[in-house]
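What you are looking at is a predicted structure, and each value in this text was computed from that prediction instead of being measured. Heavy atoms only: backbone and side chains are in, while hydrogens, waters and symmetry mates are out.
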Amino acid sequence: MAQPNSPTSSQLEVEQVDGVLTLTMNRPAVRNALDAEQWRRLASALGDAKHDTSVRAVVLTGAGGVFSSGGQLGADGPAHPLDRMRIISATAVALHDFPKPTIAKVSGPAIGGGWNLALCCDFVICSSNATFAQVFPRRGLSVDVGGSWLLPRLIGMQKAKLLMMTGDLLGAAEVERLGLATQVVEPEELDSVVESLAARLAAGPPVALSLTKSLLHQAAGADFASSLEAEAIAQAVNFAGEDIEIGMKAFKARTAPSFTGRWYSE
């Protein structure tokens, strides 16, 4: 049996506090690289949380001062590479399309698929000591974990090509300048900044936030009129729930709303 933190173990710590689910990749012996079992466990945890109304936001991070060095090459024995890649792809979809707010909390290296896994989240908060690289060409590989779709949409085609064809190592400040990090903070501030944002998101109207995330994703590939129609439908859904009334009452009373996400029932 594999021992904890050995290269063959698959460690994923799951903790939930006040509506915030934290998923921590914990395999420091391999810089939190993910093998097939780890990818499956991450996808499973997201699947469990997807319809759990007690989960209002998710934080993805890595233990030991490292976010993730990506996929663990050669860790999955005789499994066909295509099968392995489809497991990875399914996990990336589960994270990118997760219907609740997600935050990547990045300390130290986020390399290759590890960086793209962070980019699947809605927000990337990183410490000033974080480093990033699309390391694939240095390993004789092409990009994966959704990088070919994510990066051009975030920074444009030419800059995406430069990052993915050179594999250059970038610091946190450059990543923030490119628009690939939501915020860069000092290492000692990372926990409190992420906790504060996660708490704010978890306290928000869950249905409205989920719809907003969906609308933004849909709009990336839709025309203006279609986006307006999708917005109209989403607002109709909001008006059928009790959070809009809670929000209006709190606004008038100048108090903080306590959103429930519940649907009106007779």
Side-chain angles (χ1 to χ4, degrees), residues 11-28 30-34 42 45-46 49 55-70 92 95-96 98 100-135 145-147 150-151 153-156 159-160 162-163 167-204 206 209 212-213 216 256:
Q11 300 290 317
L12 182 70
E13 297 178 0
V14 181
E15 180 184 17
Q16 184 175 338
V17 178
D18 296 331
V20 178
L21 182 71
T22 300
L23 304 175
T24 304
M25 299 171 283
N26 186 13
R27 305 181 74 216
V30 289
R31 295 176 27 139
N32 297 332
L34 293 87
L42 180 54
L46 292 167
V55 176
R56 304 276 285 260
V58 169
V59 174
L60 177 65
T61 192
V66 175
F67 184 75
S68 175
S69 58
L95 180 58
H96 181 268
F98 190 73
K100 305 172 188 183
T102 56
I103 304 170
K105 175 183 170 184
V106 181
S107 178
I111 305 299
W115 186 7
N116 292 336
L117 192 63
L119 293 176
C120 287
C121 294
D122 300 316
F123 307 98
V124 178
I125 310 295
C126 61
S127 66
S128 57
N129 67 1
T131 54
F132 304 82
Q134 295 288 325
V135 73
V145 196
L150 291 163
L151 277 167
R153 286 165 169 79
L154 290 167
I155 60 174
K159 289 181 180 178
L162 184 64
L163 290 181
D168 286 347
L169 186 70
L170 303 182
E174 177 65 8
V175 167
E176 184 181 34
R177 187 188 70 80
L178 287 170
L180 295 172
T182 311
Q183 187 177 358
V184 175
V185 300
E186 292 306 310
E188 63 273 15
E189 299 173 340
L190 183 61
D191 287 345
S192 61
V193 169
V194 170
E195 287 171 7
S196 177
L197 176 57
R200 288 179 61 193
L201 294 168
L209 293 187
T212 293
K213 179 173 179 174
L216 289 167

If I take atom [atom1] from residue [X] and atom [atom2] from residue [Y], how far apart are they, to the nearest 0.5 angstrom?
X	Y	atom1	atom2	result
Leu21	Glu15	CG	CD	9.0 Å
Leu197	Ile125	CG	CD1	5.5 Å
Asn26	Leu12	CG	CG	9.0 Å
Ile103	Thr182	CD1	OG1	8.5 Å
Leu119	Leu180	CG	CG	6.0 Å
Leu201	Arg56	CG	CZ	10.5 Å

Could you pull out the closest heavy-atom pair between [X] and [Y], with the gap in Å?
X	Y	value
Ala92	Val145	CB-CG1, 4.1 Å
Ser68	Leu34	OG-CD1, 3.2 Å
Ala118	Val106	CB-CG2, 4.3 Å
Ala181	Cys126	CB-SG, 4.0 Å
Leu150	Cys120	CD1-SG, 3.9 Å
Val59	Ala198	CG2-CB, 4.0 Å

Is the shortest heavy-atom distance from the side chain of [X] to the side chain of [Y] under 4.5 Å?
X	Y	answer
Val66	Pro28	no
Thr61	Val194	no
Lys100	Val58	no
Leu117	Leu42	yes

Is Ser69 reaching over with its side chain to a backbone N or O of Val30, donor-acceptor style, under 3.5 angstrom?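 It does hold such a pair.
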Pair Leu169, Ile111 - check side-chain contact (heavy atoms from CB on, under 4.5 Å), show working. CA-CA 9 Å; Leu169 186 70; Ile111 305 299; 4.2 Å; yes
Any pair with a residue in residues 189-201 that passes side chain to side chain donor-acceptor pair (under 3.5 Å), sequence neighbours left out, goes on the list, sorted by first then second residue, please.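 Of all non-adjacent pairs touching residues 189-201, those that pass side chain to side chain donor-acceptor pair (under 3.5 Å) are Lys105-Asp191.
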Give me each pair satisfying side chain to side chain donor-acceptor pair (under 3.5 Å) with a member in residues 106-129, each pair once, sequence neighbours excluded.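 Listed by first then second residue: Thr102-Asp122, Asn116-Gln134, Asp122-Lys213, Ser127-Asn129, Ser128-Glu186.
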